[in-house]
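Here is the structure we will look at, set down as structure tokens.
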Amino acid sequence: MTAKTNGEDLMGHYKAEYIWIDGSDPTAKLRSKSMVIPSGKAPPLWGFDGSSTNQAPGENSDCVLKPVFTCPDPIRGGDNLLAMCEVLLTDMSPHPTNTRAACAAAAEKYADFDMWFGIEQEYTFFDGIRPLGWPANGFPAPQGGYYCGVGSDEVFGRPIVEAHMDACIEAGLMIAGINAEVMPAQWEFQIGPIGAPAVGDHIWLARWLLYRIGEDIHISDDENKGVSARLDPKPVQGDWNGAGAHTNFSTRQMREDYDACVAAAEALKANHDKHIANYGHRIEERLTGLHETCSYREFRYGVSDRGASVRIPWQVHRDRKGYIEDRRPNANCDPYKVTELILNTVCGAAS
Ligand code: ADP
Ligand code: MN
Ligand code: MN
Ligand code: MN
């Protein structure tokens, strides 16, 4: 490689934003950094300091970033890219925090099932320490009118939601829609239907875009500050809905036959504890049996039942085929982990 001599050398280049999942415990978070790459060259392997991300000790700190999914960067535009990465050890094996590798292996093992996923990612906007638009003292009017609401007394943060939806479309992510949620300042976007591990790639990148766009849209009370989006599963204690990541899924067989939908729900029932343990930190605060949830202590499925662990949509019951909704995952879940478990549980039971 020749040394760069002047600014002109950088003309024929683009920027790739390397995005990865760190080792934060108990809930991992996103990190990213930018590489300037000659035009026409794909994003190469890269390294980072794992001792700063809870992924390595200081005396042996190098971890490897392997781009596994790239898409246009809607923030920078042009030829610039976002690159979702897996974290590897220097021997090129998956890092212990890399949950995508196991997800991809499960999807490969059960490729014949052609499993599709649609994830509903709920989240809450924060202005400093309180939800966006909430009064400095006390609470807004009780829940009831906010879900899919309209008007400045009901809806907080729509400019970010709109910009985020456009950014996801521009990036080529499989965003299916958005809606305002039951708690004011809480929102949802849906990704899918799409296979694994792609659904996880798209969810993690859509999360990254949400955080990134919130940096630039200054609609908080302090006009010099952006708005933070959080995946806290129970952002406000009391009579306020938590935030989940309902995971809808279907195998080819489920899309043709209702009995396969029921069999999938039964397979989830037989593995309830294992799923709950991997569906996001503080799940017991959210799955209380109130606020459209079933207690984490039990497992129930039912047609149209939003108080069940797993809902069979009414039209699936009517059509005798389709998909089911696992309502248990928390907003702060790892979609690679959730989809890996569903693949292994549902396809394993049907094999
Ligand atoms: P809800 O009524 O629970 O709010 P949403 O409309 O928010 O439902 O989300 C439904 C999700 O189900 C969407 O992400 C959609 O892509 C997904 N979905 C629809 N059909 C299927 C299918 N056959 N397999 C998997 N996911 C599906
Ligand atoms: Mn929804
Ligand atoms: Mn929802
Ligand atoms: Mn749902």
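Note that ligands are numbered from 1 as they come in the structure, with each ligand's atoms numbered from 1 the same way. Since the structure is predicted, the reported quantities are computational estimates derived from the model, not experimental observations. Residue numbers start at 1 and run along the sequence shown.
Inspection of the environment of the Mn ion (ligand 3) yields the following protein N, O or S atoms under 2.8 Å: E122 OE2, E181 OE2, E188 OE1.
Using a 30° and 60° split on the angle between ring planes, F299 and H272 fall in the perpendicular class, above 60°. Using the six-membered ring where Trp is involved, W240 and F139 have ring planes that are parallel, under 30° apart on the 30 and 60° scheme.
Under the 4.5 Å side-chain criterion, counting only non-hydrogen atoms from C-beta, M254 is not in contact with M115.
Closest heavy-atom contact between T247 and P329: OG1-CG, 3.6 Å.
At most 12 non-hydrogen atoms from other residues, nucleotides or ligands lie less than 6.0 angstrom from NZ of K225.
To the nearest 0.5 Å, atom CG of residue D232 and atom CD of residue E122 are 12.5 Å apart.
As for E325, its N/O/S atom nearest the Mn ion (ligand 4) is the one called OE2.
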